[in-house]
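Worth knowing before you read on, the calculation uses all heavy atoms, side chains too, and leaves out hydrogens, waters and symmetry mates. Note that the structure is predicted; figures quoted are calculated from it, not measured.
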Amino acid sequence: MTTAPPDPLVGTPRPAAALLTPSPTSHPRPAAPAAPPVRRLPLAVGLLIAVALSGYVFASYGAKPGVLLLLGLGLGVALFHSRFGFTSAWRQLVAVGNGAGLRAHALLLGTTATLFALVIGTSTGLFGSAPEPSGGPLGVGLLLGSFVFAVGMQLGGACASGTLFAVGSGQTSIVLTLGGFVAGSTLAAWQFDLWRNLPAFEPVVFADHIGWFGSWAVTILALAVVVAVSRAVQARRNPPPTGPVPSARNRAARVLRGSWPLAAGAAVLAVLGAGVLLVSGGAWGVTSAFSLWGAKLVSAFGGHPETWSYWQKPANAHALSGPVLADKTSLTDIGIMIGAAVAAALGGTWALHRGTPWRTAVAAVAGGVLMGIGARLAGGCNIGAYLAGIASGSLHGWIWGATALLGTWAGLKLRPVFRLANPKPGDGVC
């Protein structure tokens with residue numbers, strides 16, 4: 001009996017000549033299972049809500065809020081069909097060295113940076129908006145907040161955008177994460193005076209020093225370095241492949257039923273995110289709406305959040321005094337949940353997941369609370385600080401991402417306490 005000679009490329013670094021070839025993994029990626037049949041009732045309900053709410057927002061608040069809601073719907077569809085994640089990408093990178101998700105981030109960041117440079121550099125806006133970059137202060141709040149946020153997302157099982165599209169797809173445990181997220185955001189707003197004056201330097205936006213072309217070039221070069229390093233790490237560690245998700249067999253059907261390649265998801269998210277900038281004048285964000293929702297709940301139960309220092313800042317006071325459906329971030333957040341519900345129903349995977357173990361439930365709530373607090377301390381989340389910051393050429397976005405990697409490492413150490421699994425090198429998939 002003879003055996004085939006071992007493949008000399010398995011488990012050993014490959015030449016870096018072909019930058020676009022897939023990075024090595026310890027096993028081939030399994031074939032994706034076929035997508036289940038369309039969930040017709042959830043699809044009909046999701047579409048009905050989307051149409052009715054869009055009509056109401058357009059009629060009651062005008063075209064600008066209506067378009068923002070539509071952009072949110074598109075973001076939800078793209079997030080779900082591509083399963084574009086930040087939590088899992090960082091977990092896979094830190095735990096076993098699989099950098100596929102991080103390289104998808106780099107594509108999203110680079111494409112968004114290109115579109116932002118075009119929009120902001122030419123002062124192009126719709127509905128009278130004046131687009132501005134998202135620059136954040138560099139200080140203790142940024143470092144502490146991004147670290148705490150990353151720990152929270154590993155316990156809660158999702159990031160800010162991931163929480164929204166997972167809730168839309170019916171994942172019960174992530175509903176608990178969202179509840180904790182709102183609670184933590186509200187708590188941080190209530191105690192604003194405790195952290196508002198933490199030491200910090202002024203924002204550093206590259207375009208203010210080297211112009212928009214220079215800022216774009218530096219960002220793209222830095223992202224290329226990230227991609228190269230992630231490929232080198234993956235070649236050395238030879239991790240398991242990422243797990244496949246159910247997919248339509250016909251390529252044309254995948255547009256509506258999924259699954260999309262991460263690269264396609266990154267491109268669509270970048271275009272829609274640039275659309276939010278064009279329409280509103282500000283980058284796509286997520287977590288400020290959670291503070292608003294919490295404050296509205298406090299008011300409904302007889303509290304007075306308008307007396308809190310956080311809500312006395314002019315921009316925040318304006319948001320609190322107005323309806324939720326006139327708030328930019330609330331509109332896109334709500335749109336993401338509805339869009340993800342429609343996408344999940346089309347893909348046949350929408351379901352209400354029951355029977356969440358109590359340890360998972362505790363981790364979900366605790367993780368959400370940590371993310372809510374961390375996002376307020378850092379001035380944003382994986383979308384409002386990491387994505388918007390780097391795409392705007394702001395140094396704080398890079399610091400947020402680097403510190404979040406450290407927080408991810410800490411979060412992975414805590415996950416086993418709640419019996420949450422971490423990827424291991426010997427796994428078939430990660």
Heavy-atom closest pair, residues Leu325 and Leu331: O-CD2, 3.2 Å
Expected output: side-chain Gln234 to main-chain Pro24 donor-acceptor under 3.5 Å: yes
Backbone of Val227 reached by a side-chain donor or acceptor of Ser230 within 3.5 Å: yes
Spacing of OG1 belonging to Thr219 relative to CH2 belonging to Trp212, to within rounding of 0.5 Å: 8.5 Å
4.5 Å side-chain heavy-atom contact, Ile174 and Leu178: no
Inter-residue atom distance Thr349.OG1 - Arg257.CZ, 0.5 Å rounding: 9.0 Å
Show which side-chain atoms of residues 36-52 pair as donor or acceptor with protein atoms under 3.5 Å away, not counting sequence neighbours.
unit_1 : atom_1 : unit_2 : atom_2 : d
Arg39  : NH1    : Trp350 : O      : 2.4

Cys430 side chain reached by Ser88 side chain, heavy atoms, under 4.5 Å: no
Step-by-step side chain to side chain contact (heavy atoms under 4.5 Å, CB included) determination, His396 to Val204: CA-CA 7 Å; His396 90 288; Val204 175; over 6 Å; no
Donor-acceptor under 3.5 Å (Arg237 side chain, Ala95 main chain): yes
Distance-minimising heavy-atom pair for Val268 and Ala78: CG1-CB, 3.7 Å
Interatomic spacing from CG in Leu69 to NZ in Lys64 - rounded to 0.5 Å: 14.5 Å
The single option from Leu155, Val148, Thr163 passing side chain to side chain contact (heavy atoms under 4.5 Å, CB included) against Met371: Thr163
Trp400 and Phe149: CA distance, side-chain angles, deciding distance, ring-ring contact (aromatic ring centres under 6.0 Å, His included) verdict: CA-CA 10 Å; Trp400 196 102; Phe149 185 94; 5.5 Å; yes
Aromatic plane relationship, Trp195 with Tyr310 - under 30° parallel, 30 to 60° tilted, over 60° perpendicular: tilted
Thr403 side, atom OG1; Trp398 side, atom CH2 - distance, nearest 0.5 Å: 13.0 Å
Contact check, side chains of Trp311 and Leu292, non-hydrogen atoms, under 4.5 Å: yes
Student check: side-chain heavy atoms of Leu109 and Leu387 closer than 4.5 Å: yes
Among Thr329, Thr186, Val182, side chain to side chain contact (heavy atoms under 4.5 Å, CB included) partner for Phe290: Val182
From CG (Asp333) to NZ (Lys328), nearest 0.5 Å: 10.5 Å
Heavy-atom pair of closest approach, residues Ala378 and Ser146: CB-N, 3.7 Å
For Val362 against Phe418, the heavy-atom pair lying closest together: CG1-CE2, 3.8 Å
Over all atoms of both residues, closest heavy-atom pair of Thr242 and Arg29: O-NE, 2.9 Å
Under 3.5 Å: donor-acceptor pair, side chain of Trp260, backbone of Arg254: yes
Side-chain donor/acceptor of Arg91 to backbone N/O of Pro423, under 3.5 Å: no
Donor-acceptor contact present, side-chain Asp427 to main-chain Lys424, <3.5 Å: yes
Geometric class of the Tyr386/His105 ring pair [parallel <30°, tilted 30-60°, perpendicular >60°]: perpendicular
Sidechain-backbone polar pair: Glu132 side chain, Gly282 backbone, donor-acceptor under 3.5 Å: no
Identified side chain to side chain contact (heavy atoms under 4.5 Å, CB included) counterpart of Cys159 within the set Thr177, Val286, Leu164, Asn382: Asn382
Axial cation check for Phe80 ring with Arg83, 6.0 Å and 45° limits: yes
Donor-acceptor under 3.5 Å (Asn422 side chain, Leu412 main chain): yes
Close side-chain approach of Pro240 to Val96, heavy-atom, < 4.5 Å: yes
Derivation of the side-chain hydrogen bond (donor to acceptor under 3.5 Å, both in side chains) call for Arg376 and Ser185: CA-CA 7 Å; Arg376 295 281 60 79; Ser185 299; 4.6 Å; no
Closest approach of Ser394 to Gly136 (non-hydrogen atoms, all atoms of both residues): OG-N, 3.6 Å
Interatomic distance, Ser129 atom OG to Leu277 atom CG [nearest 0.5 angstrom]: 7.5 Å
Which atom pairs, donor and acceptor, lie under 3.5 Å between side-chain atoms of residues 334-346 and protein residues at least two apart or in another chain?
none

His81 (side chain) donor-acceptor with Leu256 (main chain) under 3.5 angstrom: yes
Any Leu68 side-chain heavy atom under 4.5 Å of Val276 side chain: yes
Within-4.5 Å side-chain heavy-atom neighbours: Leu93 and Leu405: yes
Beyond-backbone contact of Leu118 with Thr124, side-chain heavy atoms, under 4.5 angstrom: no
